[in-house]
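Below is one structure, written out as structure tokens, with a few remarks after it.
Proteins get letters first, then strands, A, B, ... in listed order; numbering begins at 1 in each.
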Amino acid sequence: MSLQIFDTLARKKRNFSPLEDGQIGIYVCGMTVYDRCHLGHGRVMVAFDAIVRYLRFRGFEVNYVRNITDVDDKIFERAAERKVPFTELTAEMITAMHQDEKYLGCQMPNLEPRATANIDSMIRLISRLIAQGAAYRGSSGDVYFRVRAFPSYGKLNNRRLEDMMEGARVAVAEDKENPADFVLWKTAKPGEEFWDSEFGAGRPGWHIECSAMSMDALGDTFDIHGGGPDLKFPHHENEIAQSEAATGCTFARYWMHAGAVRVNEEKMSKSLKNFVTLDALFKNFHPEVVRFFLLQSHYRSAISFSDDALVQAETAYTRLIQVLPDEATTPDSDTIFEFQELMDDDFNTPRVLALLFELASKNTEEAASSILAIGRVLGLFTSGKINFLSEQQALKAVNSELSDTAVNALVDARQKARAEHDFAAADKIRDDLTAQGIVLEDGAGGTSWHRK
RNA sequence: GGCGCGUUGGCAGAGUGGUUAUGCAGCGGAUUGCAAAUCCGUGGACAUCGGUUCGAUUCCGGUACGCGCCUCCA
């Protein structure tokens, strides 16, 4: 069975084979670091982390590159608002992003090139495009990519230039030859951040950084290019145009896009103000639960976020945690094979999680070992059973008005009442605790409790 | 206006031309002082109208509704 990947450009699943045997180069568009990451960013992080982990599990040597966009109008605006150098803002956001990512159980990319560190490379690429007639300087001094110079412009989005012009509803810069031409180099206005170049002082357009940095890191042609759903157009379309116009060869061989995160049937986004940041989410849910929640949907489909959905995921995930073995032993090879078949089919993580629950109901040590082994490949169960449960309880304790000490006192009082066969009093205490999210369990060795 | 996607049981969410998804919740039972947890069992679905077919939730076409992109956005 071969690995199948849904290629956005081909609009269908394709057999995957890398450019070089056993090696995969993958570039994922990362964050623009002007604000905290929200669940939508988390989804892309987790999706590609799981994919990369699986590809490695399958024996590939994966070179995972994800850029950091630290040159951008929003960054300059936000820094100005805060009256700090933009580098201070980006440094803070990068640290926060790495923290969020670590909590989500993601492994770091092999390389995280930053736009500010690769301006020279972008300038070289722009010069090359100008020399080839694929770019020009407008009267404003801005440098634009000439979409007419790239006949297959629109191929990723199945879009024709004419159709786009009909729908154009954005004020078009006067000095563009074609409304669809996009900026490669933006001339600096007084007071703005700038870098010197042969096209004058200014800064790079958004799209050029990914072409320059991906090709620097992985070569003119590389295996997989991925990103969030809203990058398909115009960002990735423009990357293809720039890169292929410059090199004359295929840019990325497979294009992968994650689905959107929705809130009440709408896309989670900054402009709708319906986003929830990861760090806010982590105040109520263990990061592993968030990761599990994300993996419950296929990476390409839209996922609906709600508090209730997270609670469901928490219950489900905690059940899997409970059946984990204390020590890892050898998993069942047939089960691992089944796992591989599911993942080979365009990374069907929801089906894999279903498999995990089927294993859980088998109640055997071997099945439990398989759950652990498979979960680990997807980046789950990273804290370990004991740590997860205690961290989860600690999280709930912080959000509760009842301290552990107070609960223990009430539990003792109830035990006393039970010993005296005053069940009415005992049940009253238990009901009150239940109302506050405390679940009591009377076992052979006494009463234990946990927060729900 | 252009391009594309979706519509599955109370909720979440896979998949298949004829046979159980799975999870959460519900219900019944075992267990318990009563519960909880656990275990066992169980009902419930494929938007709509046509077509192809021996047979369609699954393929094709129409309709309705919803969503995304066409502008910065993961």
Side-chain angles (χ1 to χ4, degrees), chain A residues 8 11 28-32 34-35 37-48 66 69 72-74 77 154 156-172 180 182 206 226-235 237 257-262 265-272 275 292-293 296-298 300-306 308-320 322-323 342 345 348-361 363 418 421-424 426-427 430-431 433-434 438-443 447-450 452:
Chain A
T8 310
R11 284 176 277 283
V28 174
C29 286
M31 260 55 73
T32 300
Y34 72 102
D35 204 349
C37 292
H38 63 233
L39 188 58
H41 299 106
R43 157 102 112 163
V44 174
M45 290 175 183
V46 168
F48 285 100
R66 191 187 58 204
T69 299
D72 173 85
D73 287 349
K74 287 201 195 70
E77 280 169 26
L156 179 67
N157 291 273
N158 190 27
R159 217 168 265 187
R160 296 179 311 160
L161 227 35
E162 302 77 62
D163 295 340
M164 278 184 280
M165 285 186 274
E166 268 179 44
R169 52 182 145 123
V170 162
V172 173
F182 53 92
W206 174 36
D230 26 29
L231 263 29
K232 254 175 90 175
F233 193 91
H235 187 54
E237 194 69 59
H257 291 92
V261 174
R262 287 187 196 167
E265 305 298 304
E266 284 181 317
K267 193 179 82 166
M268 180 177 284
S269 72
K270 293 274 167 92
S271 51
L272 289 169
F275 61 92
F292 176 84
F293 167 74
Q296 258 185 327
S297 298
H298 183 85
R300 278 191 288 117
S301 56
I303 185 170
S304 297
F305 164 80
S306 71
D308 189 55
L310 262 300
V311 171
Q312 283 193 17
E314 177 176 57
T315 308
Y317 185 66
T318 305
R319 204 190 118 207
L320 282 182
Q322 304 276 12
V323 304
L342 295 171
D345 184 11
N348 194 341
T349 58
R351 189 61 192 76
V352 170
L353 297 184
L355 171 64
L356 258 34
F357 284 103
E358 284 164 17
L359 289 167
S361 59
N363 251 322
R418 288 182 74 207
H421 280 71
D422 185 357
F423 292 121
D427 289 353
R430 188 180 58 202
D431 291 345
L433 286 170
T434 303
I438 310 293
V439 181
L440 303 194
E441 290 175 37
D442 296 330
T447 298
S448 62
W449 62 271
H450 67 269
K452 193 172 172 60

Considering every strand and a 4.0 Å limit on heavy-atom distances, what is the contact class for [X]: base, sugar-phosphate, or nothing?
X: Asp442(A); value: base
X: Leu440(A); value: base
X: His298(A); value: sugar-phosphate
X: Ala260(A); value: base
X: Gln322(A); value: nothing
X: Asn363(A); value: sugar-phosphate
X: Ser304(A); value: sugar-phosphate
X: Val311(A); value: nothing
X: Met45(A); value: nothing
X: Gly259(A); value: base
X: Lys267(A); value: base

Let me know the distance between [atom1] of [X] and [atom2] of [N], rounded to the nearest Å.
X: Tyr34(A); N: C73(B); atom1: OH; atom2: P; value: 9 Å
X: Leu272(A); N: C67(B); atom1: CG; atom2: P; value: 12 Å
X: Asp73(A); N: C72(B); atom1: CG; atom2: P; value: 11 Å
X: Asn348(A); N: G15(B); atom1: CG; atom2: C1'; value: 8 Å
X: Leu156(A); N: C69(B); atom1: CG; atom2: P; value: 15 Å
X: Gln312(A); N: U22(B); atom1: CD; atom2: C1'; value: 13 Å
X: Phe357(A); N: A14(B); atom1: CZ; atom2: C1'; value: 13 Å
X: Asp163(A); N: C70(B); atom1: CG; atom2: C1'; value: 10 Å

Just how far is it from atom [atom1] of [X] to atom [atom2] of [Y], taken to the nearest 0.5 Å?
X: Tyr34(A); Y: Lys270(A); atom1: OH; atom2: NZ; value: 4.0 Å
X: Arg430(A); Y: Arg418(A); atom1: CZ; atom2: CZ; value: 8.0 Å
X: Arg262(A); Y: Ser301(A); atom1: CZ; atom2: OG; value: 9.5 Å

Would the base of [N] count as contacting [X] through its side chain, where contact means a donor and an acceptor less than 3.5 Å apart?
X: Arg43(A); N: A74(B); result: no
X: Asp230(A); N: G68(B); result: no
X: Arg160(A); N: C3(B); result: no

Work out how far the [atom1] atom of [N] is from that of [M], and round it to whole angstrom.
N: C11(B); M: U53(B); atom1: P; result: 36 Å
N: U42(B); M: G55(B); atom1: P; result: 32 Å
N: C24(B); M: A37(B); atom1: P; result: 11 Å
N: G13(B); M: G9(B); atom1: P; result: 11 Å
N: A35(B); M: G17(B); atom1: P; result: 47 Å
N: U31(B); M: A36(B); atom1: P; result: 15 Å
N: A45(B); M: U8(B); atom1: P; result: 14 Å
N: G6(B); M: U16(B); atom1: P; result: 13 Å

Could I get a table of every N or O pair under 3.5 Å where one atom is in the protein and the other is in nucleotides 4-8 of chain B?
from	atom 1	to	atom 2	distance (Å)
G4(B)	OP1	Asn158(A)	ND2	2.9

Check your understanding: Is there a Watson-Crick or G-U wobble partner for C69(B) with both distances under 3.5 Å, and which nucleotide is it?
Key ->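 Checking every strand shown, C69(B) finds its partner in G2(B), with both distances under 3.5 Å.
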
Just compare [options] and give me whichever is closest to any side-chain atom of [X].
X: Trp206(A); options: C24(B), U22(B), C73(B); answer: C73(B)
X: Arg159(A); options: C34(B), C39(B), C69(B); answer: C69(B)
X: Arg319(A); options: A74(B), A35(B), C24(B); answer: C24(B)
X: Val439(A); options: A74(B), A36(B), A14(B); answer: A36(B)
X: Pro350(A); options: A74(B), G13(B), C24(B); answer: G13(B)
X: Arg351(A); options: C24(B), A14(B), G68(B); answer: A14(B)
X: Glu441(A); options: A74(B), G23(B), A36(B); answer: A36(B)
X: His41(A); options: A74(B), A21(B), A35(B); answer: A74(B)
X: Glu266(A); options: G68(B), A74(B), C69(B); answer: G68(B)
X: Ser301(A); options: A35(B), C69(B), A14(B); answer: A14(B)

Exercise for review: Could you pick out which residue, Phe233(A) or Lys452(A), lies toward the 5' side of RNA chain B when each is mapped onto its nearest nucleotide?
Suggested key: Lys452(A)

Study note, to complete from the structure: Assign each of Gly443(A) and Ala309(A) the nucleotide of RNA chain B bearing its closest heavy atom; nearer the 5' end lies the nucleotide of Ala309(A)

Review point. Counting only heavy atoms not in Lys452(A), do more than 12 fall under 6.0 Å of its NZ?
Key: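 For Lys452(A), atom NZ is not crowded (no more than 12 foreign heavy atoms under 6.0 Å).
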
Review point. For the rings on Phe233(A) and His235(A), is their centre-to-centre separation under 6.0 Å?
Key: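 Ring centroids of Phe233(A) and His235(A) are no less than 6.0 Å from each other.
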
Exercise for review: Please determine if Arg66(A) forms a cation-pi arrangement with Phe48(A), meaning its NZ or CZ atom is less than 6.0 Å from the six-membered ring centre and no more than 45° off the ring axis.
Suggested key: no

Exercise for review: Measure the acute angle between the ring planes of Phe423(A) and His421(A), then classify it against the limits of 30° and 60° as parallel, tilted or perpendicular.
Suggested key: perpendicular

Practice item. Name the orientation class of the two ring planes belonging to Tyr317(A) and Phe292(A) (parallel below 30°, tilted from 30 to 60°, perpendicular beyond 60°). Key: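 Tyr317(A) vs Phe292(A) ring planes: tilted.
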
Check your understanding: Do Glu441(A) side-chain atoms and Ser448(A) backbone N/O form a donor-acceptor pair below 3.5 Å?
Key -> no

Point to revise | Polar side-chain atom of Asp72(A) near backbone of Trp206(A) as donor-acceptor pair, under 3.5 Å | key: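 Such a contact is absent between Asp72(A) side chain and Trp206(A) backbone.
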
Phosphate OP1/OP2 of [N]: any [X] side-chain N/O under 4.0 Å:
X: Thr318(A); N: C24(B); answer: no
X: Trp449(A); N: A37(B); answer: no
X: Ser269(A); N: C73(B); answer: no
X: Asn157(A); N: C70(B); answer: no

Point to revise | Sub-4.5 Å side-chain heavy-atom contact between Arg43(A) and Ser297(A) | key: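 SC-SC contact between Arg43(A) and Ser297(A) confirmed.
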
Check your understanding: Charged N to carboxylate O under 4.0 angstrom, Arg351(A) versus Asp345(A)?
Key ->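 So Arg351(A) does not pair with Asp345(A) through a salt bridge.
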
